[in-house]
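See structure below.
These values consider heavy atoms only, across backbone and side chains, with no hydrogens, waters or symmetry-generated copies. Every chain is numbered from 1 and lettered A, B, ... according to where its sequence line falls, protein lines coming before strand lines.
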2 protein chains.
Amino acid sequence: MKATVPITVASLKVACSQCNLVELCLPFGMSENEIDRLDELVGARRKIKRQHHLYRAGDPFEAIYAIRAGSFKTDVLLEDGREQVTGFQMTGEMLGLDGISTELHSCNAIALEDSEVCVIAYGKLEELSRVVEGLQHQFHKVMSREIVRDHGVMTLLGSMRAEERLAAFLLNMSQRFTARGFSAAEFHLRMTREEIGSYLGLKLETVSRAFSKFQEEGLIAVQQKHIRILNIGGLKKLIQHPSPRA
Amino acid sequence: MKATVPITVASLKVACSQCNLVELCLPFGMSENEIDRLDELVGARRKIKRQHHLYRAGDPFEAIYAIRAGSFKTDVLLEDGREQVTGFQMTGEMLGLDGISTELHSCNAIALEDSEVCVIAYGKLEELSRVVEGLQHQFHKVMSREIVRDHGVMTLLGSMRAEERLAAFLLNMSQRFTARGFSAAEFHLRMTREEIGSYLGLKLETVSRAFSKFQEEGLIAVQQKHIRILNIGGLKKLIQHPSPRA
DNA sequence: CGTGGGGGTTGACGTGGATCAACGGACTTC
DNA sequence: GAAGTCCGTTGATCCACGTCAACCCCCACG
């Protein structure tokens with residue numbers, strides 16, 4: 001791989017106040033006035049092609065990113081070559097929060113499809129959030145939400161069996177698509193079985209088998225990356241009633 | 001269990017500026033002047049007896065806590081009774097960050113021994129961090145560090161085998177004890193095998209067996225909760241060279 | 001000082017998911 | 001539209017860890 005990423009400064013800058021992701025993104029919960037002030041914060045936008053990095057582990061941390069279009073995965077590479085996917089991010093979600101602590105990014109962020117992000121210079125964000133109370137509070141909430149989310153993943157990895165993990169994953173995806181105005185029951189996964197497996201702590205074969213099993217049981221219809229959920233309740237029941245014990 | 005916790009307002013309030021945990025806790029990296037201002041922020045201290053809750057999942061969120069003495073675990077209970085320990089916290093570390101996002105705590109915080117925390121009213125923290133630049137920045141770092149730490153745990157849970165997990169756990173404990181001026185090679189674990197297992201996604205029997213194996217191999221000496229590390233390099237090698245593949 | 005109970009260890013056995021392998025279908029590239 | 005590659009599925013086998021069970025030790029408590 002080369003340099004880092006093709007950077008494209010968006011020619012026309014779209015303000016937060018006019019963005020349709022307001023309800024999902026950093027501005028959520030802020031007043032009209034406050035959101036207007038955000039517009040000075042959000043600088044250039046940047047397009048990232050599928051499979052390209054937005055940033056890499058070790059890169060100096062300068063900005064956080066809000067996804068305007070597309071989707072990403074974040075992963076950590078261990079010295080011995082193992083990869084752990086730590087999350088999948090969709091429109092309106094933030095990337096790069098891991099970099100604040102050491103001023104270096106601690107994971108890789110890779111586009112799962114051609115995507116676009118808003119670049120939020122971190123210095124400016126701190127500055128502005130000293131003045132705009134709602135921004136400060138909202139930013140803290142975003143970070144806190146990330147912590148809660150991570151605890152959920154830890155719970156999944158630490159105490160669920162393969163099929164429960166996949167069911168939880170599908171329900172989570174469904175819920176996030178719903179929040180974005182898409183169908184809760186039918187969606188297109190942008191990641192491979194291997195990436196799902198890495199995220200869920202399973203091998204790709206196990207993920208594939210679980211998909212097939214769910215299909216046999218009439219819970220979902222799978223066609224490659226296209227998923228239709230036929231029985232949401234059935235999936236939910238799976239994660240509430242562990243097969244044996246735990 | 002009853003009410004929530006016995007609350008004791010410390011009679012004499014010890015200021016951050018005079019606390020020997022400055023290097024580990026929220027004030028880290030702040031200037032003398034800034035730290036002085038912290039003193040108005042940190043309110044009462046609170047003593048928590050062993051096995052008692054500092055807060056519970058679902059409790060309204062009002063404050064975050066800095067551990068002054070003792071140690072805690074945080075855990076999440078699933079509906080079906082499964083428990084996942086999401087972390088162990090030692091002196092100088094912060095508790096309660098998970099509550100910011102929903103204004104409800106999302107996990108339980110339980111003292112592993114008789115402990116004491118500094119109560120930091122969250123409203124005041126936001127207020128003060130609008131004025132004290134170093135506080136704002138440091139607080140963001142603390143949250144970000146928590147996110148990075150969680151990603152590390154996800155990596156551990158998602159891609160390591162039992163003995164690697166325990167080795168990583170021991171090395172992490174050792175490193176944290178060192179940072180607190182204790183021996184890197186000899187320490188006392190405050191948690192049970194079951195709690196370690198829950199944290200590492202293993203059963204207590206597996207944890208016990210791994211301890212025994214390490215002892216046989218001369219890597220450590222175990223005596224109940226008392227651990228002596230005899231071969232740090234050996235432990236480190238374990239987590240860098242996975243037994244088979246991954 | 002005896003007694004009870006929780007925490008820890010160890011062994012025998014079972015199994016969920018990893019591993020290894022073969023193959024088929026979809027997408028990419030020219 | 002042909003060729004190659006990546007991705008996904010499925011089967012057979014293996015093994016790391018969970019499960020079940022017995023027992024011991026340490027310590028709290030009467």
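Between A:Ser208 and D:dT10 there is no side-chain N or O to OP1 or OP2 distance below 4.0 Å. Phosphate contact (OP1/OP2 of C:dG8, side-chain N/O of B:Lys225, threshold under 4.0 Å): present. Side-chain N/O atoms of A:Arg193 include one lying less than 4.0 angstrom from OP1 or OP2 on D:dT9. OP1 and OP2 of D:dC6 both lie 4.0 Å or more from every side-chain N or O belonging to A:Thr192. Put simply, A:Thr206 has no side-chain N or O that comes within less than 4.0 Å of OP1 or OP2 on C:dG17.
Between A:Phe182 and A:Phe187, the gap from one ring centroid to the other reaches at least 6.0 Å.
A search for side chain to side chain donor-acceptor pair (under 3.5 Å) contacts involving B:Glu205 returns nothing, not counting sequence neighbours. The ring pair (Phe, Tyr, Trp, His ring centres under 6.0 Å) check on B:Phe61 picks up B:His105, B:Tyr122, with sequence neighbours excluded. Under the rule for a salt bridge (Lys or Arg N to Asp or Glu O under 4.0 Å), B:Arg209 has no partner lying at least two apart in sequence or in another chain.
Look at NE2 on B:His226: it is 16 Å from C1' on D:dC26, rounded to the nearest Å. Taking atom CG on A:Leu202 and atom P on D:dC17, their separation rounds to 15 Å, with Å as the unit. Nucleotide D:dT19 holds its C1' atom 11 Å from the CG atom of B:Leu204, rounded to whole Å. A:Glu195 has its CD atom 12 Å from the C1' atom of D:dC6, to the nearest Å. At whole-Å resolution of the value, CZ in B:Phe211 and C1' in C:dG7 are 13 Å apart. For A:Gln215 and D:dT10, the CD to C1' distance is 14 Å, given to the nearest whole Å. Atoms CD (A:Glu194) and P (C:dG17) sit 19 Å apart, rounded to a whole Å. D:dA21 atom P lies 16 Å from atom NZ of B:Lys203, rounded to whole Å.
Looking at heavy-atom distances under 4.0 Å, A:Gly197 makes no contact with the nucleic acid at all.
For the pair B:Ser101 (side chain) and A:Ser144 (backbone), a donor-acceptor distance under 3.5 Å is absent. Side-chain atoms of B:Ser198 come within 3.5 Å of backbone atoms of B:Val85 as a donor-acceptor pair (strictly under, hydrogens ignored).
Looking at A:Arg209, its side chain comes within 3.5 Å of the base of D:dG11 through a donor and an acceptor atom.
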For nucleotides 4-6 of chain C, print each protein N/O atom paired with a nucleotide N/O atom at under 3.5 Å, atom names and distance only.
none

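For residues 177-187 of chain A, the set of pairs meeting the salt bridge (charged side-chain N to carboxylate O under 4.0 Å, His left out) definition, not counting sequence neighbours, comprises A:Glu93-A:Arg180.
For the pair B:Arg190/B:Arg50, no side-chain contact is recorded, criterion being any heavy-atom separation below 4.5 Å from C-beta on.
Of the options A:Leu219, A:Leu170, A:Thr206, a side-chain contact (heavy atoms from CB on, under 4.5 Å) to A:Phe211 is made by A:Leu170 and by none of the others. For the side-chain contact (heavy atoms from CB on, under 4.5 Å) criterion with B:Ile110, the lone passing option out of B:Lys73, B:His52, B:Glu195, B:Arg56 is B:Lys73.
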- Protein heavy-atom contacts under 4.0 Å, written 5' to 3' over nucleotides 24-30 of chain C as B (base), S (sugar-phosphate only) or - (none), form the string -------
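Mapping A:Glu205 and A:Glu163 onto DNA chain C via the closest heavy atom, the residue that lands nearer the 5' end is A:Glu163.
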